[in-house]
Amino acid sequence: MQIYLDAEKCQGHNRCYALAPELFDVDDYGQAVLILDGDVPAELRDKARLAASNCPEYAITITQES
Amino acid sequence: MTDTVNEKASPEPSSRFGDRDAVFGDSPEGTDVWQRVPYNPDDYGPVKDFATDFDHADRQYNPNAPEVWKELRESGCPVAHSDRYGGMWVPITHDMVHEVAYDTDHFTSRAVVPAVGRPGDLAMPAPVGGVPPISSDPPFHAMARRPLLPPFAPKQIEPWEDEVRVLCRHLLDEMGDITPGESVVDAAIDYAQNIPVNVIGRMLGFPEKDEALFRQFVHDAMERIDEEPGTQNGLDDLGKYIGEQIEDHRNNPRDDLTSYLMNVELDGNKLSDDHVGGSIILLLVAGIDTTWSAIGSSLWHLAQNPADRKRLIDDPEVMTFAIEEFLRAYAPVTMGRMVAKDHDFNGCPMKKDDWVLLPFPAANRDPKQFEDADKFIIDRKENRHAAFGLGIHRCLGSNLARLELRVAIEEFISRFPNFELAGDTRWSVGQIRGPRELPVRILAD
C-alpha cells in the first residue's frame with residue numbers, strides 16, 4: 001500500500017495527525033507532513049485508510065491497495 | 001448599556017467599528033458606506049416557507065434546523081432563497097456548500113455575517129476586509145492568515161489542556177452541592193459559555209473580569225442581525241476596549257497573543273493597529289460562541305442519550321471519534337459570503353452583493369455525503385465533516401476548539417455521569433447554532 005498527501009489541498013484540519021500520528025506529522029503552521037517513506041507497513045494500513053477517509057479536503061489518497 | 005452611538009471623535013481603531021452613515025437602496029460601485037438594506041423584518045413576519053423566504057434569524061430556525069434542511073433537500077430545493085437582508089441565497093447540499101467555499105472568484109468573504117447592514121465595495125475593502133483573514137480574499141488572505149497559524153497549530157495548543165481542565169473543574173465546583181435527582185444546573189450558562197471566552201481572553205492577555213463584555217459583543221454581532229445598525233453598541237464598546245488593550249500592550253509588552261500580533265511582520269512590516277484590532281475581534285467572535293455552542297449541543301445530545309454517555313465513560317478511547325461526530329451532527333457555524341459579481345450558480349441568478357449563507361451544518365447532514373446522516377453514530381469511522389469549513393478559510397482555531405470540546409465533555413461526564421433535560425432549551429439566533437439556556441437535572445450515578 002502507498003499513501004499520498006497532496007500538500008496543495010491540505011488546509012490543516014489536522015485529522016490525519018490525530019488519527020495516524022505514525023504516518024503524519026504537522027509543521028509549525030499546522031500543515032500535514034507525510035513522515036512515511038515507501039510502503040505502508042501492514043500494521044498501519046487501517047490507520048492509513050482511516051486518515052484518508054477522514055480528510056475533509058480529500059488531500060490524502062491511497063494507491064496500490066493490496 | 002445604552003443605545004447611544006459613540007462619538008465620532010474616538011481614536012482609531014475604534015472609529016472603524018463605530019457608526020457609519022447608511023444609504024438606503026442599491027449600493028453604487030465604489031461606495032465606502034454601509035448600506036441599510038431595504039428590509040424590515042416586520043413586513044415579513046415569521047418564516048412560512050424556508051425555500052423561498054429563508055431567514056436564519058427566525059426564532060424557529062435554530063431549534064429546528066436539521067428538520068428545515070431535511071425538508072429542503074427532500075422537496076428538491078438544493079438552494080433556498082430569500083428577499084430578506086437585500087437578497088440572500090442558501091445552498092444546503094454538501095456539493096454546493098463545497099462549491100461556494102472553493103470559489104473565491106465569485107464569492108467574496110469581505111463580509112461574512114448576513115444582516116440588515118451591508119458594506120459597500122470600499123467599506124470593507126477587498127481583499128483585506130474588516131476582520132482579516134476571515135474577511136480577506138486571495139491573494140491577501142494567505143498573507144494575513146500565515147502569521148496567525150503558528151499560535152494555533154496543534155503542538156502550540158496541546159499544552160493548554162491542563163489549564164482548560166482546571167477551568168472546567170472549577171466551573172463544576174462552582175455549581176455547589178448537588179443532590180442527585182433534584183439539582184438542576186444550566187449546562188450552557190453555568191458551564192459551556194464560560195469556557196472558550198476564558199481561554200481566548202487568557203491567550204490574548206486580556207483581564208478575566210472583562211469576559212461579560214466579550215460575550216455581549218459576540219451576542220450583538222451575531223444574534224442581533226435583524227435589528228437596526230447602530231443599536232448594537234457592544235461593537236463600539238469593544239473597538240474602544242481593544243484599542244486600549246493594544247495601547248497597554250505597547251507600553252507593557254508580554255508573552256501573549258496580542259503582543260505577538262503587534263510584533264509579527266508581514267513582508268517586513270509590522271501589522272497596523274487596525275489589522276491587529278480586526279484580527280483580535282475575529283479571534284473573540286470566532287473563539288467564543290462557536291465552541292460554547294458545540295459544548296452545549298454535545299451536552300444537550302448526551303442529556304437525551306444515556307447509551308452514548310455510558311459508552312464515553314466505559315470506553316474513553318471512543319472519544320476521538322465521538323468528538324468528530326458531535327462536530328458533524330451539531331456543527332455550530334454557518335458562514336457567509338457576498339456575491340462578488342453576477343453569477344449563474346446551478347441555475348440560480350445570483351446578483352453582485354447578494355448574500356450567500358454557507359451552512360456547513362447542513363452539508364454535514366447531507367445523506368449523499370454521509371451514511372445515516374441524521375443519525376448520531378458515536379464511533380463513526382468515516383467522517384469528512386465540514387464543521388470547521390472547507391477550503392482556504394478552514395477554522396484557524398479548530399485545534400483549540402477540539403481541545404476545549406473534548407476536555408469540557410470529559411470533565412462534565414466524569415463529574416456527572418447521568419443527567420437529563422430539565423425544562424426548555426433556549427437556542428441561539430442566527431449563524432451560530434447552539435443552546436443558550438440548557439437546564440439539566442443531575443441524576444444518581
Side-chain angles (χ1 to χ4, degrees), chain A, chain B residues 94-95 97-98 101-102 104 133 141-143 145-158 264 317 319-325 327-328 331 360 363-364 369-371 379-403 405-406:
Chain A
M1 179 198 274
Q2 299 274 323
I3 191 162
Y4 172 73
L5 167 70
D6 185 340
E8 292 286 305
K9 284 190 179 174
C10 175
Q11 297 292 349
H13 289 261
N14 184 32
R15 301 286 302 282
C16 54
Y17 172 61
L19 290 165
E22 301 88 345
L23 299 170
F24 296 91
D25 197 4
V26 279
D27 68 14
D28 291 345
Y29 292 86
Q31 292 287 110
V33 181
L34 187 59
I35 49 178
L36 180 89
D37 198 16
D39 272 1
V40 179
E43 70 275 15
L44 291 178
R45 285 180 190 166
D46 282 349
K47 285 201 170 187
R49 285 186 205 103
L50 206 53
S53 60
N54 281 278
C55 177
E57 311 287 350
Y58 292 83
I60 301 166
T61 40
I62 285 173
T63 54
Q64 297 176 30
E65 178 87 67
S66 49
Chain B
H94 187 278
D95 278 356
V97 168
H98 183 278
Y102 269 71
T104 53
H141 168 267
M143 260 176 76
R145 182 175 166 93
R146 193 165 170 81
L148 281 168
L149 287 167
F152 291 96
K155 290 170 191 176
Q156 292 298 312
I157 291 302
E158 280 162 17
V264 80
E317 298 284 301
M319 189 59 100
T320 307
F321 299 98
I323 287 297
E324 304 306 326
E325 183 67 345
L327 287 166
R328 184 193 70 83
F360 293 112
N364 278 353
Q369 179 72 5
F370 299 94
E371 215 173 306
D379 56 357
R380 189 183 284 273
K381 290 293 184 301
E382 182 169 348
N383 194 349
R384 301 175 196 263
H385 70 75
F388 294 117
L390 293 169
I392 63 169
H393 289 280
R394 187 267 306 168
C395 170
L396 189 71
S398 62
N399 300 301
L400 178 61
R402 247 189 209 107
L403 172 72
L405 178 59
R406 175 172 60 79

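Below, chain A is the first sequence line, B the second, and so on; all start at residue 1. The analysis underlying the following values was restricted to heavy atoms, covering all of them including side chains, and did not include hydrogens, waters or symmetry mates.
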Task: A:Glu43 CD: over 12 foreign heavy atoms closer than 6.0 Å - done: yes

TODO: Could you look at B:Phe321 and say if it's the side chain, the backbone, both or neither that has a heavy atom under 4.5 Å from chain A?
DONE: side chain

Open item on the list: Out of B:Phe152, B:Phe388, B:Tyr102, return the one with the most heavy atom pairs under 4.5 angstrom to chain A.
Closed with: B:Tyr102

Task: salt bridge (Lys or Arg N to Asp or Glu O under 4.0 Å) against A:Asp39, all qualifying residues, sequence neighbours excluded - done: none

Open item on the list: Nearest 0.5 Å, please: how far is CZ in B:Arg402 from CZ in A:Arg15?
Closed with: 5.5 Å

- [ ] Measure B:Ile392 against the heavy atoms of chain A and call it side chain, backbone, both or neither at under 4.5 Å.
- [x] both

Task: Greater than 12 external heavy atoms within 6.0 Å of B:Glu317's CD - done: no

Task: Pairs of heavy atoms under 4.5 Å with chain B: top-ranked of A:Gly30, A:Gly12, A:Ala18 - done: A:Gly12

TODO: Could you tell me which non-hydrogen atom of B:Ala153 sits nearest to which non-hydrogen atom of A:Asp28, and how far apart they are?
DONE: CB-O, 3.5 Å

Task: Heavy-atom contact with chain B under 4.5 Å, split by part of A:Tyr17 - done: side chain

- [ ] Mind checking the CZ-SG spacing from B:Arg394 to A:Cys10? Nearest 0.5 Å is all I need.
- [x] 8.0 Å

TODO: Answer yes or no: is there a donor N or O on one side and an acceptor on the other, between the side chain of B:Asn383 and the main chain of A:Asn54, under 3.5 Å?
DONE: no

Task: Expected output: side-chain A:Glu57 to main-chain B:Gly391 donor-acceptor under 3.5 Å - done: yes

Task: Contact check, side chains of B:Arg384 and A:Ser53, non-hydrogen atoms, under 4.5 Å - done: yes

TODO: Heavy-atom distances under 4.5 Å only: say whether A:Asp46 touches chain B with side chain, backbone, both or neither.
DONE: neither

Task: Interatomic distance, A:His13 atom NE2 to B:Glu324 atom CD [nearest 0.5 angstrom] - done: 11.0 Å

- [ ] Identify the two heavy atoms, one from A:Val26 and one from B:Lys155, that lie closest to each other, and give their separation to 0.1 Å.
- [x] O-NZ, 3.5 Å

